[in-house]
Amino acid sequence: MKQWIVYKRRDFKKIYEAGYSTKHKDTRGFGLYIVKKIMDKYNGTIQLNSDEKLTSFIEEIYTARTGKEAEDIIREESPQILLLDIELPDINGINVAKTAVSLNPDVFVVFITGYSSYATESFEVHPYDYILKPIDFERFHETLNFVTIKCENNILNRKLKAIGKLPVKSGNGILFLNLKDIIFIERLGEKTKIHTRKKAYECTDHLKNLEASLNGNFYRVHKSYIVNMEMVEKIENLRDTYEISFYDYNEKAYMSKGRYQFLKEKFQIRLLQPQQFGN
């Protein structure tokens, strides 16, 4: 995994000193001082841990002294995580974040600033966190840890989607199911059941987490069901129940009334389209 943090660049020795600030000699900054402490602790690499287990690494850190330098790095390197001050010498840090988000909507933005007045405006770029100086080290570490793990999850999910795989915890290992073999997924109490052509598998993952790893063939039809639309044979209205049947599979899934009405209206629109073109 490769990740970058854009912050400031130039005069590395001074920038990493406690209290050093690039804005004014009377101001004090601690962001990069903390980052450097973490780097030194782990021999040049920031090692992040979740539940005392090694999760991922930040391999490279790019720094920028000005907003313009930050934007240049963003365009050239496509960073996944940004730690940004707001009152930069030239371009406002929020505008720098807007540039990053326009190029990569999945980028994680964390503002580190001494000014609370920008908090509302910062919501325009949906930052993960807005940390005020002086920095709370534990909060900073938790934030950096979370966004790094989230980045790695996003990267892994995209790759698994591309090859059509769904990872599921199985005992002490991980089972990789072929998406094309999954018929539907249902939540049963504290467990989740994944129905496939071969067999049904149980896991503890919530549907929301699994849904993020599925491709466009899957549709959340109910709070407790996700179905592979390629496998659906029929959706039947049984009074207050909307039952889903599948090709060559006896188990049933169920659809909410709202989703059923939506699909019904959608299909009716499609049926009317040929007549409209004929007029």
Side-chain angles (χ1 to χ4, degrees), residues 1-40 44-46 48 57-137 139-148 150-152 154-155:
M1 176 183 176
K2 200 169 188 178
Q3 302 180 153
W4 296 269
I5 299 174
V6 175
Y7 197 69
K8 295 178 176 143
R9 185 172 194 132
R10 199 182 299 170
D11 300 330
F12 272 62
K13 292 183 180 179
K14 291 183 179 180
I15 286 176
Y16 286 119
E17 291 177 0
Y20 177 81
S21 173
T22 59
K23 292 191 287 297
H24 191 275
K25 65 180 181 179
D26 294 328
T27 60
R28 296 176 63 79
F30 291 90
L32 287 178
Y33 167 74
I34 294 173
V35 172
K36 184 64 164 57
K37 284 292 185 181
I38 298 174
M39 291 176 67
D40 290 342
T45 299
I46 299 176
L48 302 175
F57 296 91
I58 294 178
E59 296 179 351
E60 294 188 44
I61 296 177
Y62 288 89
T63 62
R65 186 181 180 86
T66 66
K68 176 63 169 59
E69 288 184 10
E71 288 190 338
D72 289 343
I73 294 172
I74 288 166
R75 291 189 175 93
E76 293 174 6
E77 305 296 345
S78 300
Q80 297 160 326
I81 300 172
L82 302 180
L83 300 185
L84 286 171
D85 204 338
I86 293 180
E87 290 203 346
L88 300 173
D90 50 357
I91 304 172
N92 182 288
I94 294 176
N95 290 330
V96 173
K98 288 179 180 178
T99 298
V101 171
S102 69
L103 296 172
N104 175 17
D106 295 326
V107 67
F108 284 87
V109 177
V110 176
F111 288 114
I112 302 176
T113 179
Y115 304 92
S116 61
S117 57
Y118 292 104
T120 301
E121 185 182 354
S122 74
F123 292 157
E124 295 180 27
V125 294
H126 307 290
Y128 173 73
D129 205 351
Y130 189 99
I131 300 176
L132 288 174
K133 301 175 184 178
I135 296 173
D136 181 323
F137 179 82
R139 176 176 174 179
F140 175 82
H141 183 270
E142 288 174 2
T143 294
L144 196 56
N145 185 57
F146 178 87
V147 296
T148 303
K150 188 68 175 176
C151 276
E152 182 144 349
N154 291 346
I155 292 170

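Distance check: I74 CD1 to N104 CG gives 10.0 Å after rounding to the nearest 0.5 Å. The line from NE2 of H126 to CZ of F108 is 13.0 Å long, rounded to the nearest 0.5 Å.
Residues passing the side-chain hydrogen bond (donor to acceptor under 3.5 Å, both in side chains) test with D72, sequence neighbours excluded: K68. Take V101 and apply the side-chain contact (heavy atoms from CB on, under 4.5 Å) test, not counting sequence neighbours, and it matches V107, V109, V125. T99 pairs by the side-chain hydrogen bond (donor to acceptor under 3.5 Å, both in side chains) definition with E71, not counting sequence neighbours. In this structure T143 satisfies the side-chain hydrogen bond (donor to acceptor under 3.5 Å, both in side chains) test together with D129, sequence neighbours excluded. Shown here are the ring pair (Phe, Tyr, Trp, His ring centres under 6.0 Å) partners of F123, two or more places apart in sequence or in another chain: there are none. Scored by the side-chain hydrogen bond (donor to acceptor under 3.5 Å, both in side chains) test, K150 finds no partners at all (sequence neighbours excluded).
For R65 against P89, the heavy-atom pair with the smallest separation is O-CD, 3.7 Å. Counting all heavy atoms, side chain and backbone alike, F111 lies closest to S122 at CE1-CB, 3.6 Å. Heavy-atom minimum distance, D90 versus G67: OD1-N, 2.7 Å. Listed here is the closest heavy atom pair of A119 and Y130: N-OH, 3.4 Å. When all heavy atoms of I112 and F140 are compared, the closest pair comes out as CD1-CE1, 3.7 Å.
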**OP:** Kindly indicate, with the supporting measurements, whether the criterion side-chain contact (heavy atoms from CB on, under 4.5 Å) is fulfilled by T113 and D85.
**Re:** CA-CA 5 Å; T113 179; D85 204 338; 3.7 Å; yes

**OP:** Please lay out, stage by stage, how Q80 and N154 fare under the test side-chain contact (heavy atoms from CB on, under 4.5 Å).
**Re:** CA-CA 10 Å; Q80 297 160 326; N154 291 346; over 6 Å; no

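Pairs passing the salt bridge (charged side-chain N to carboxylate O under 4.0 Å, His left out) check and including a residue from residues 94-119, sequence neighbours excluded, read K98-E124, D106-R158.
Ring pair F146/Y128: centre-to-centre distance below 6.0 Å.
Here the rule is side chain to side chain contact (heavy atoms under 4.5 Å, CB included) with I91, and of N95, I94, L88 only N95 fits it.
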